[in-house]
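Throughout, a chain's letter reflects where its sequence line sits, starting with A, and its residues are numbered from 1. Computed from a prediction, not measured in an experiment: that's the story for all the values here.
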Amino acid sequence: MILKREFYLQPTLKVARELLGKKLCYGDLEGRITETEAYLKDDRACHASRGMTERNSVMFGPPGHAYVYFTYGMHHCMNVVTQPESVAEAVLIRAVEPLNGVEEMIRNRGREKNIADGPGKLCQAFGIDKRLNGIDMTRGKFVVRDDGFRPKKIDKGRRIGIKLDADKLWRFYF
DNA sequence: ATTGGGATCGTCT
DNA sequence: GACGATCCCAATA
């Protein structure tokens, strides 16, 4: 079943944990989510922490929508917005294990290994870019599904690549 | 196995 | 005008 609005209204740290093991689906491409990071409103590492800008405005919108941004001049990263409108929090999808459409992902990536084991890599593998910024992930062809899979054990650690609030253990993986 | 540098450009100060 | 919620390759140990 497709994850719906209520799922994304739970506390953001809980959403980040519970997204692990769910399936990220974009058309026929599917991958098991294996790593996430939470970004909270009073968190200096969060793009929204210094107010709304054109880039981060989707984070201030309704839950269950995709926040896709472009960074380092060459990579896209994707989040799912959590919390009600005007509460700017989100969960970054950092890695997935390819399940379906692997051949297409390999084509998109131009290599056979390390297909989707990073936030920029999975966006390239799935063909996710700014065109998907702001779209509703509770319906349509870009969604997260629960197929009953549950991770055996979930680990946590520091978030990657940030300077501010780097001590928070808000990265989850299995 | 780990580390360091370069690529590259949209966004924010 | 500076720098990033990154990736890849090459060099090192």
Side-chain angles (χ1 to χ4, degrees), chain A residues 8 10-22 24 26 29 31-83 86-98 102 104-135 137 142 144 154-174:
Chain A
Y8 300 107
Q10 300 177 96
T12 299
L13 291 172
K14 182 176 180 188
V15 174
R17 268 194 311 270
E18 298 207 348
L19 276 174
L20 294 176
K22 303 296 191 291
L24 179 67
Y26 183 34
L29 303 182
R32 180 91 54 212
I33 297 172
T34 59
E35 185 176 359
T36 62
E37 282 178 0
Y39 287 88
L40 276 51
K41 61 178 167 57
D42 294 317
D43 160 19
R44 304 275 316 283
C46 180
H47 284 171
S49 66
R50 275 161 276 190
M52 182 161 59
T53 66
E54 189 170 357
R55 176 178 65 165
N56 67 27
S57 63
V58 170
M59 288 188 72
F60 292 81
H65 287 234
Y67 168 45
V68 182
Y69 67 92
F70 184 67
T71 190
Y72 291 104
M74 58 186 82
H75 298 294
H76 291 275
C77 293
M78 72 146 296
N79 304 249
V80 188
V81 174
T82 61
Q83 305 306 296
S86 85
V87 182
E89 303 194 350
V91 174
L92 171 71
I93 310 298
R94 278 197 62 85
V96 308
E97 173 195 348
V102 181
E104 186 175 342
M105 294 187 198
I106 289 172
R107 271 201 306 281
N108 289 342
R109 289 277 294 134
R111 41 177 51 70
E112 296 194 0
K113 305 211 179 223
N114 305 323
I115 302 281
D117 57 343
K121 299 180 204 178
L122 76 90
C123 283
Q124 186 180 24
F126 278 69
I128 295 166
D129 60 29
K130 282 186 66 176
R131 294 173 305 180
L132 297 178
N133 188 39
I135 87 157
M137 297 187 71
F142 187 37
V144 180
I154 293 174
D155 287 314
K156 62 174 185 268
R158 297 176 156 201
R159 293 174 295 176
I160 305 292
I162 60 168
K163 289 180 172 173
L164 303 166
D165 284 319
D167 55 316
K168 305 282 195 298
L169 302 180
W170 291 348
R171 180 168 62 97
F172 303 94
Y173 55 97
F174 75 95

Nearest heavy-atom pair of A/Asn114 and A/Lys121: which atoms, and what distance? O-CD, 3.6 Å
So, does A/Glu97 use its side chain to make a donor-acceptor pair with the main chain of A/Thr34 at under 3.5 Å? no
Over all strands shown, is A/Asn79 touching base, sugar-phosphate only, or nothing at heavy-atom distances under 4.0 angstrom? base
On DNA chain C, nearest-nucleotide positions of A/Asn114 versus A/Val91: which is more 5'? A/Val91
Starting at atom CZ of A/Arg109, determine the distance to atom C1' of C/dT6, rounded to an integer number of angstrom. 11 Å
Rounded to whole Å, please give me the gap between CD1 in A/Ile160 and C1' in C/dG4. 15 Å
Send over the distance from A/Ile162 CD1 to C/dA5 P, rounded to a whole Å. 9 Å
Which whole-number value in Å describes the distance from A/Tyr72 OH to C/dC3 P? 12 Å
Once the angle between the rings of A/His47 and A/Tyr67 is folded into 0 to 90°, is it parallel (under 30°), tilted (30 to 60°) or perpendicular (over 60°)? perpendicular
Considering every strand shown, what is the Watson-Crick or G-U wobble mate of C/dG1 when both distances are under 3.5 Å? B/dC12
Phosphate contact (C/dC7 OP1 or OP2) by A/His75 side-chain N/O below 4.0 Å: no
From NZ of A/Lys130 across to C1' of B/dG10 the rounded distance in Å is 7 Å
Can you tell me how far the OG1 atom of A/Thr71 sits from the NE2 atom of A/His76, to the nearest 0.5 Å? 10.5 Å
Considering every strand and a 4.0 Å limit on heavy-atom distances, what is the contact class for A/Arg111: base, sugar-phosphate, or nothing? sugar-phosphate
Write down the distance between CE (A/Met74) and P (B/dG10), rounded to a whole number of angstrom. 12 Å
Could you check whether A/Arg159 gets within reach of a base, just the sugar-phosphate, or nothing at all, counting any heavy atom under 4.0 Å? nothing
Among B/dT11, C/dC7, C/dT6, find the nucleotide with the atom closest to the side chain of A/Lys121. C/dC7
Looking for any heavy atom pair under 4.0 Å, which part of the strands does A/Gly120 touch: base, sugar-phosphate only, or nothing? sugar-phosphate
Remember a base hit wins even if backbone is also touched, and classify A/Lys113 as base, sugar-phosphate or nothing at under 4.0 Å, heavy atoms. nothing
Just to be sure I understand the rule, does A/Phe70 reach a base, reach only the sugar-phosphate, or reach nothing, if contact means heavy atoms closer than 4.0 Å? sugar-phosphate
Lys NZ or Arg CZ of A/Arg159 over A/Tyr39 ring: under 6.0 Å, within 45°: yes
Would you state whether a donor and an acceptor, one from the side chain of A/Tyr69 and one from the base of C/dA5, lie under 3.5 Å apart? yes
Identify the nucleotide, in any strand shown, that forms a Watson-Crick or G-U wobble pair with C/dA11, with both distances under 3.5 Å; if there is none, say none. B/dT2
